[in-house]
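A short worksheet on the structure shown next.
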Amino acid sequence: MLDIKRIRQETEDVKARVAKRGDDASVIDEIINLDEKRRELIQQTEALKSKRNKASEEIAQKKRNKENADDAIQAMRDVGEEISAIDQQLNETEAAFKDKMSRVANLIHDDVPVGKDDTENVEVRKTGTPREFDFDVKAHWDILDDLEMADFERAARVSGARFVFLTGEGARLERALMNFMLDVHGKNGYREMMTPQIVKSEAMFGTGQLPKFEEDLFKIDGEAMYTIPTSEVTLTNFHREETLSGDALPKKFTAQTACFRSEAGSAGRDTRGLIRLHQFNKVEMVRIEHPDHSWGALEEMTEHAENILNLLEIPHRTVLLCTGDIGFGSAKTYDVEVWLPSYNDYKEISSISNMTDFQARRANIKFKQDKDAKPKFVHTLNGSGLAVGRTMAAIIENYQNEDGTVTVPEVLVPYLGGTKVLKKL
RNA sequence: GGAUAGAUGGCCGAGUGGCUUAAGGCGCAUGCUUGGAAAGCCUGUAAACGGUUCGCCCGUUUCGAGGGUUCGAAUCCCUCUCUAUCCGCCA
């Protein structure tokens, strides 16, 4: 949610930033109009209410003195009706205003490059060199199948397309990765959390999935509840409706949860393997920051995400998303992309965003710098650290051997009980 | 799922239609007192929205949420949510 005061005062700048994303800026004019109407109605109804309050006091006074107040009561009857008529108009105007407001994306930061889609993202760093294979590389889904580490066919029978059973060494590797990632983030000061994976619609509104992106979510039938598409939702909403003390900031959280995505509109893309599923595990990082420190925090979090791939020794690069590819609630986003030999390309494995005060306004998360300070909205940031399934795919493809086995990255060996090579058991 | 009791300011807690601009207490802050402190006393103590000659000013709203009755609702009525306890079920 944007700040209406900023829309009023810097209308042209706001419109320019909306247009830069490729969104229709005329919605800002509609918002301004609704805001003016709304304020006019507020003034009308408040003037009448003020009058009513004064009259009520006089009526009370007369009653106490046992005087007749019938005339005053009669006079107020019409005022009451007038108030409810204006209030009804006001409610309608305010509902329209809020609906429009809640569908405007966050204002992009000046650093964000202008571009139409992901082909115009800007590479900022590249780490490691893709390995030269002297044999034919296999895609991770073939290796998973050969080593009996995953079963897509049976998953399709049980749950449908885009689900997977991880089996044997596959399940163990997934668990090892989650533990490894949580341990690394824990050492970096992120508090480990286990969160709900089903939430109320208010929480989804708070982080910006609702009302605009309902089709991307799975909804619980008959309930106003949804499965989370990322633990960003639960971790960010953890402090919803709260005013934190300034010295409690920053709050740093990490959690592993399942993530559920309907993947509406992605038919035909990444149809094989672990890349695009309806359900996958992800380790997430979320930070609640003082507004003065959020940009530095974004850089730090991006390094924390990259750090996992550095430790796993997998080639990767970091790109700055352009205006055409950046998410709804974000002001600036880095994607970390991992090298996948089967794609012969880098593939997104983490997305790290500074949402500025956009989610804080929706979820009403504030802080007070000190006791007497006025409450202000915090900044929220989130980033994957990392998508576990995609990390497994990257390990399997980058560490595959000619004999069909997979070497375990050194840092993971302790997490796999000493197993150094994954093979068919 | 069933039954009962609740939901009031940072916290505790009073309040069954106008004398509550929410009593009282705790906590917190300023000051007085003191060599300093404790105790005591004084004063103050929310948020959102709107207006604004922008002043520490004015107005409106907020007693779980939403409707309703009324000239007027923390208070009466309806619906819902949540919490606690007990029963049932269950990992």
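All of these numbers come straight from a predicted model, not from anything done at the bench. Naming convention: chains lettered A, B, ... in sequence-line order (proteins, then strands); numbering from 1 in each chain.
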In whole angstrom, what separates A/Phe97's CZ from B/G50's C1'? 13 Å
Roughly how far apart, to the nearest Å, are B/G13 and B/C63 at atom C1'? 13 Å
Check this one for me: any side-chain N or O of A/Asn53 less than 4.0 Å away from OP1 or OP2 of B/U61? yes
For A/His140 and A/Leu274, which heavy atoms make the closest approach, and how far apart are they? NE2-N, 2.9 Å
Of A/Lys200 and A/Asp35, whose nearest nucleotide on RNA chain B comes first from the 5' end? A/Asp35
Under 3.5 Å on both distances, the Watson-Crick or G-U partner of B/A65: B/U79
Of all the choices, B/G50, B/A48, B/G67, which nucleotide is nearest to the side chain of A/Lys374 once you look at every atom? B/A48
Euclidean distance, atom CD1 of residue A/Ile83 to atom P of B/G59 [Å, nearest integer]: 16 Å
In this structure, how many angstroms lie between the P atom of B/C19 and the CD atom of A/Glu57, rounded? 8 Å
Starting at CG of A/Asn364 and ending at P of B/A65, how long is that distance when rounded to a whole Å? 14 Å
B/A73 to B/U61 separation - C1' atoms, rounded to the nearest Å: 14 Å
Carefully, step by step, assess A/Ser330 and A/Asn106 under the rule side chain to side chain donor-acceptor pair (under 3.5 Å). CA-CA 6 Å; A/Ser330 177; A/Asn106 200 1; over 6 Å; no
Using a 4.5 Å cut-off on heavy atoms from C-beta on, say whether the side chain of A/Thr419 contacts that of A/Glu169. yes
Write down the distance separating the P atoms in B/C80 and B/G72, rounded off to the nearest Å. 26 Å
B/A3 versus B/U60 - spacing of their P atoms, nearest Å: 43 Å
A/Lys5 atom NZ is separated from B/A48 atom C1', nearest whole Å, by 10 Å
What is the separation between atom CG on A/Asp78 and atom P on B/C71, rounded to the nearest whole Å? 11 Å
Taking B/C11 as the reference, what is the distance to B/A23 when you measure between their P atoms (whole Å, please)? 16 Å
Tell me whether the side-chain N/O atoms of A/Ser50 come closer than 4.0 Å to OP1 or OP2 in B/U60. yes
Pairing partner of B/C71, by Watson-Crick or G-U wobble and under 3.5 Å for both distances, is B/G18
Taking a pair to mean Watson-Crick or G-U wobble geometry with both distances below 3.5 Å, B/A3 pairs with B/U85
Would you kindly compare A/Ala60 and A/Ile4 by the position of their nearest RNA chain B nucleotide and give the one closer to the 5′ end? A/Ala60
Answer whether the closest heavy-atom distance between the side chains of A/Arg261 and A/Leu277 falls below 4.5 Å. no
Base-pairing assignment for B/U33 (Watson-Crick or G-U wobble, both under 3.5 Å): none
Length of the CD-P vector between A/Glu202 and B/C80, whole Å: 17 Å
Heavy atoms only, 4.0 Å cut-off, all strands: where does A/Lys366 land among base, sugar-phosphate and nothing? sugar-phosphate
Just name whichever nucleotide pairs with B/U52, Watson-Crick or G-U, keeping both distances under 3.5 Å, else none. none
Could you measure between the two C1' atoms, the one in B/U20 and the one in B/U34, and give it in whole Å? 39 Å
I need the CG-P distance between A/Leu41 and B/G51, as an integer number of Å. 13 Å
Taking pairing as Watson-Crick or G-U wobble with both contacts under 3.5 Å, can you name the mate of B/U45, or confirm there isn't one? B/G27
Starting the side chain at C-beta, find the nucleotide from B/A47, B/G50, B/G72 nearest to A/Arg52. B/G72
B/U45 and B/C57, which share atom name P, separated by this distance in whole Å: 11 Å
Base, sugar-phosphate alone, or nothing: which one does A/Lys49 contact when heavy atoms must sit under 4.0 Å apart? sugar-phosphate
Between the base of B/G50 and the side chain of A/Gln43, is there any donor-acceptor pair under 3.5 Å? no
At 4.0 Å (heavy atoms only), tell me whether A/Ile59 reaches a base, stays on the sugar-phosphate, or touches nothing. base
Plane angle bin for A/Phe328 and A/Phe213 - parallel if under 30°, tilted between 30 and 60°, otherwise perpendicular: perpendicular
Should the ring pair A/His278 and A/Phe163 be called parallel, tilted or perpendicular, given that the plane angle runs from 0 to 90° and is split at 30 and 60? tilted
Contact class for A/Arg361 vs. all strands (heavy atom < 4.0 Å): base, sugar-phosphate, or nothing? nothing
On a whole-Å scale, what distance lies between the C1' atoms belonging to B/G64 and B/U81? 8 Å
Does a side-chain N or O from A/Arg39 land closer than 4.0 Å to OP1 or OP2 of B/C49, or not? no
Calculate, to the nearest 0.5 Å, the distance between atoms CD and CE belonging to A/Glu82 and A/Met76 respectively. 10.0 Å
Identify whether the distance between the nearest side-chain nitrogen and carboxylate oxygen of A/Asp270 and A/Lys347 falls below 4.0 Å. yes
Taking 4.0 Å as the cut-off, does a side-chain nitrogen or oxygen of A/Arg77 come that near to OP1 or OP2 on B/G72? no
